[in-house]
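As structure tokens, the structure follows; a few thoughts come after it.
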Amino acid sequence: MSDLLNTPLFDLHVELGAKMVPFAGYAMPVQYPLGVMKEHLHCRESAGLFDVSHMGQVILRPKSGDVADAALAMETLVPVSVAGLAEGRQRYAMFTNDAGGIMDDLMLANRGDHLFVVVNAACKDGDIAHMRAHLSDVCEVVEITDRALLALQGPMAEAAMAALVPAVAQMKFMDVITVASDFGELWISRSGYTGEDGYEISVLNDHSVALARALIADARVEPIGLGARDSLRLEGGLCLYGHDIDEQTTPVEAALNWAIQKVRRTGGARAGGFPGAEKILAQLESGVARKRVGLLPQGRAPMREGVDIFESETAQTPIGKVTSGAFGPTIKEPMAMGYVVTENADIGTVLFGEVRGKRLPVTVTKMPFTPANFKR
Amino acid sequence: MKFTEEHEWIRMEDDIAVIGITEHAATALGDIVFVELPEVGTEVTKDEDTVVIESVKAASDILAPLDGEIVEVNEALVDDPGKINEDPLGNAWIFKMKVSDMSPMDDYMEEPAYNAMIS
């Protein structure tokens, strides 16, 4: 793994017995000695600590000093309302391309005098180049390289984090704060990628190991690897970029309509004006030919990424494909998500996934598979 | 008990071979969540894909280590695949077969040789 980058927590992962694997150019922990299943369950029942320092952290600093200018500029790249995002609040967004496809998904926060953006590790170089190419007239685009990113997730996340930084107890889902602490200045959001309550914490590299150690010293907190991160997010119905969404899927096909506020839709005050707007706005009005759905296999066999979905046991042509599939440790059964043609996408429809040459029944299901547990 | 390079173990009970996977294999696979067993009565040939097991990470095939007929399968694994992680060499045997050709057994490893292979 010599060509791989390390996060500031690399030595800690090794010390904790993690199995390290290459992921998006970084050596990352896929699991710790607890194992994927127990890590997953621990996070749902108590709290889990994730190192997500491989993700890109970027500041958009408006040259005018007015964050509204950065917000309006960012609205030329994403179909969400950035100008409507209040100070101290965060929201989900995606970069779209001219064909309406998704170049990456991201979190976007208004931190008063600038916007703070968190993007996927595998896409970050492209995302930063994209923002520099389109926003540089209005904003300084600053990649943050002196900070690690930790996520603390689960029903005990608030208690564990508040023991170190009391102010986090007052935060609501999707709030962001900047707070001084024993671990330097922290940039904290109440959000995550598990369907659980919790926080994402941007911490200076030099303080990151001390913060991680302080969190796992709490008996309620276990370190969690990428393996359980994937099953947690899938139970939570959340998309994995490059699998469930990519440049060939639009936000509407991906059933992410909720992320596109009315103000950016046809008839809204700031309708359109983002790449692929014509296609995406038309799809919002008149629908799509295929869409992302949850899929629950009726048997015990997991249906993994790439499994073809058919309308019947005998149909020749697939009507869909699984984009993520795994066993759900909390729901104790296999689960999947994928794209199916809209005529077959109603909740409750029974379809068939072809696994090792056999057609196995699978039910189109509402997501998330586990109820979201956010602090609204 | 003998061991294959495919990380299976074979224990002879008279002319019946009992087959499972090694602790090393179970650990490497991670938490096992699904087992698909063959039908009793199926004739299998050596190296034929006979059982599918899936862990939280991926699906793997278990090969028949010998020619013969499946005479019993461990149905308890279907409802509780995690038994394979807990007791791979004991209660979590996977299938039993009546062997028609014992000669490949000579090529399989004794425990020290297997332990040397995985070390």
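Hydrogens, waters and symmetry mates play no part in the numbers below; they use all other heavy atoms, side chains included.
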Other residues, nucleotides, ligands: >12 heavy atoms within 6.0 Å of [X] [atom1]:
X: A:Glu311; atom1: CD; result: no
X: B:Lys57; atom1: NZ; result: yes
X: A:Glu305; atom1: CD; result: yes
X: B:Glu5; atom1: CD; result: no

Spatial distance of atom CG (B:Asp31) from atom CD (A:Glu39) [nearest 0.5 Å]
9.0 Å
Quick check on B:Ala59 against chain A: is it the side chain, the backbone, both or neither that has a heavy atom closer than 4.5 Å?
both
Need one label for B:Val52: side chain, backbone, both or neither, based on atoms under 4.5 Å from any heavy atom in chain A.
side chain
Taking every non-hydrogen atom, the tightest pair across A:Val36 and B:Val56:
CB-CG2, 3.7 Å
Do the non-hydrogen side-chain atoms of A:Pro302 and B:Val33 ever get within less than 4.5 Å of each other?
yes
Could you tell me whether A:Arg300 and B:Glu36 make a salt bridge, using a distance below 4.0 angstrom between a side-chain N and a carboxylate O?
no
Does any backbone or side-chain atom of [X] lie under 4.5 Å from a heavy atom of chain B? Answer side chain, backbone, both or neither.
X: A:Gln31; answer: side chain
X: A:Ala301; answer: both
X: A:Lys19; answer: side chain

